[in-house]
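What follows is a short report on a single structure.
Keep in mind that this is a model prediction, so the values were computed, not measured.
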Amino acid sequence: MTASALLSVRHIVKDYRAHGQTVRAVDDVSFDIAPGTTFGLVGESGSGKSTVARCALRLVDPTSGEALIDGVDIHRARGRALRELRARVGMVFQNPVAALNPRIPVRDSIAEPLRTHERLSRSQIDARVAALLDEVGLATTHAARLPHQLSGGQCQRVGIARALATRPELLVLDEPTSALDVSVQAQVLNLLRRLRAEHGLTFMLISHDLDVVRYMSDVAGVMCRGALVEVGPAAQVLTSPAHEYTAQLLAAMPPTPGAVHPPASLDTNEMSPLP
Ligand SMILES: Nc1ncnc2c1ncn2[C@@H]1O[C@H](COP(=O)(O)OP(=O)(O)OP(=O)(O)O)[C@@H](O)[C@H]1O
Ligand SMILES: [Mg+2]
């Protein structure tokens, strides 16, 4: 492990038992993510990307291996140490509407991690929720709404605000834009880039969209049938890959001209009015 890694995934193996058979979803995967960098993970459906992410944040237990956050194994931490580690990481899911409780107003979805992790008064929580809504480009009037009263893009902004509530250092983003309309995807990516810059965040970004990974990532990893087959600088891995499987992925998904939004247009784009 690199001493400075914020997230260090070490030899993670995850077996699932289904219909009497064992499926090795993740097969000895290791990588490090340095603070302030973005690690993009690509690979075809079923290659184990989400399972690695879930093991890294202890949403599922690996069969073996470790996931160190700032040097501490999240799978061995207990009690207060575990709560502290959990507050340092956040996760954003693919389907923003399904990720939110349909009966809980936006305000309470965002406040929930605060109530779990911090002892704050009601007015302190209200102030934090208002600040988080503002950070993700939502109005205070959205606080009282239910998820079905928001667009998909607005729901994902709520998901991001919720993930940021405890002021984490690491965000794991599992296909954060794939369920969104194309026009909204760029807005959400640009929001993530702005938040990353403002807070010095570290990202682990999973996407099947190679343009998204190119646009967002410093380092890219490629998974194939549970194994990490290639890791390196994103620009290199996603243009002149060393591994044949990556070359096949690239051939199947060549760069889309115009799909990657030039930095110059970012900030205006992101703040354009919501639908
Ligand atoms: N809870 C589970 N029970 C049994 N098998 C599972 C479970 N979750 C995942 N798997 C299996 O593990 C493998 C990896 O799944 P995973 O969801 O990690 O892939 P993925 O790369 O995220 O795919 P996608 O791009 O479709 O999201 C697949 O074969 C999947 O069927
Ligand atoms: Mg997945």
Answer yes or no: does atom [atom1] of [X] have more than 12 heavy-atom neighbours from other residues, nucleotides or ligands under 6.0 Å?
| X | atom1 | answer |
| --- | --- | --- |
| Arg76 | CZ | no |
| Gln21 | CD | no |
| Arg196 | CZ | yes |
| Arg58 | CZ | yes |
| Gln149 | CD | yes |

Verdict with reasoning, Leu250 to Leu210, per side-chain contact (heavy atoms from CB on, under 4.5 Å): CA-CA 8 Å; Leu250 285 174; Leu210 301 185; 3.5 Å; yes

Do [X] and [Y] come within less than 4.5 Å of each other through their side chains, counting heavy atoms only?
| X | Y | value |
| --- | --- | --- |
| Glu44 | Tyr245 | yes |
| Ile74 | Leu68 | no |
| Leu205 | Pro176 | yes |
| Glu112 | Arg162 | yes |
| Leu192 | Leu201 | no |
| Val222 | Leu249 | yes |
| His142 | Gln154 | yes |
| Leu100 | Val158 | yes |

Tell me yes or no: between the side chains of [X] and [Y], is some donor less than 3.5 Å from an acceptor?
| X | Y | answer |
| --- | --- | --- |
| Gln248 | His243 | no |
| Thr202 | Glu169 | no |
| His208 | Glu175 | yes |

Salt bridge (Lys or Arg N to Asp or Glu O under 4.0 Å) between Arg10 and Asp32, worked out: CA-CA 8 Å; Arg10 300 282 88 195; Asp32 286 341; 3.4 Å; yes

ring-ring contact (aromatic ring centres under 6.0 Å, His included) assessment of Phe39 paired with Phe31: CA-CA 9 Å; Phe39 179 81; Phe31 58 85; 4.4 Å; yes

Arg128 and Glu118: CA distance, side-chain angles, deciding distance, salt bridge (Lys or Arg N to Asp or Glu O under 4.0 Å) verdict: CA-CA 11 Å; Arg128 282 278 281 281; Glu118 296 183 42; 3.1 Å; yes

Stepwise salt bridge (Lys or Arg N to Asp or Glu O under 4.0 Å) check, Glu84 with Arg88: CA-CA 7 Å; Glu84 282 173 6; Arg88 297 177 68 179; over 6 Å; no

To the nearest 0.5 angstrom, please state how far the [atom1] atom of [X] sits from the [atom2] atom of [Y].
| X | Y | atom1 | atom2 | answer |
| --- | --- | --- | --- | --- |
| Leu138 | Ile110 | CG | CD1 | 7.0 Å |
| Met91 | Leu170 | CE | CG | 10.5 Å |
| Arg24 | Thr63 | CZ | OG1 | 7.0 Å |
| Leu114 | Arg119 | CG | CZ | 14.0 Å |
| Thr51 | Lys14 | OG1 | NZ | 8.5 Å |
| Glu66 | Cys55 | CD | SG | 13.0 Å |

Test log, rule side-chain contact (heavy atoms from CB on, under 4.5 Å), inputs Thr177 and Asp209: CA-CA 9 Å; Thr177 56; Asp209 185 332; over 6 Å; no

Among Asp174, Val213, Leu228, the one residue meeting side chain to side chain contact (heavy atoms under 4.5 Å, CB included) with Leu41: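 Of Asp174, Val213, Leu228, side chain to side chain contact (heavy atoms under 4.5 Å, CB included) with Leu41 is met by Leu228 alone.
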
Same apolar cluster: Leu146 and Leu133, side chain cutoff 4.5 Å: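 Result: no, two separate clusters.
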
Face-on cation placement of Arg193 at Tyr215 ring, 6.0 Å and 45° thresholds: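 Pair Arg193/Tyr215 counts as cation-pi.
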
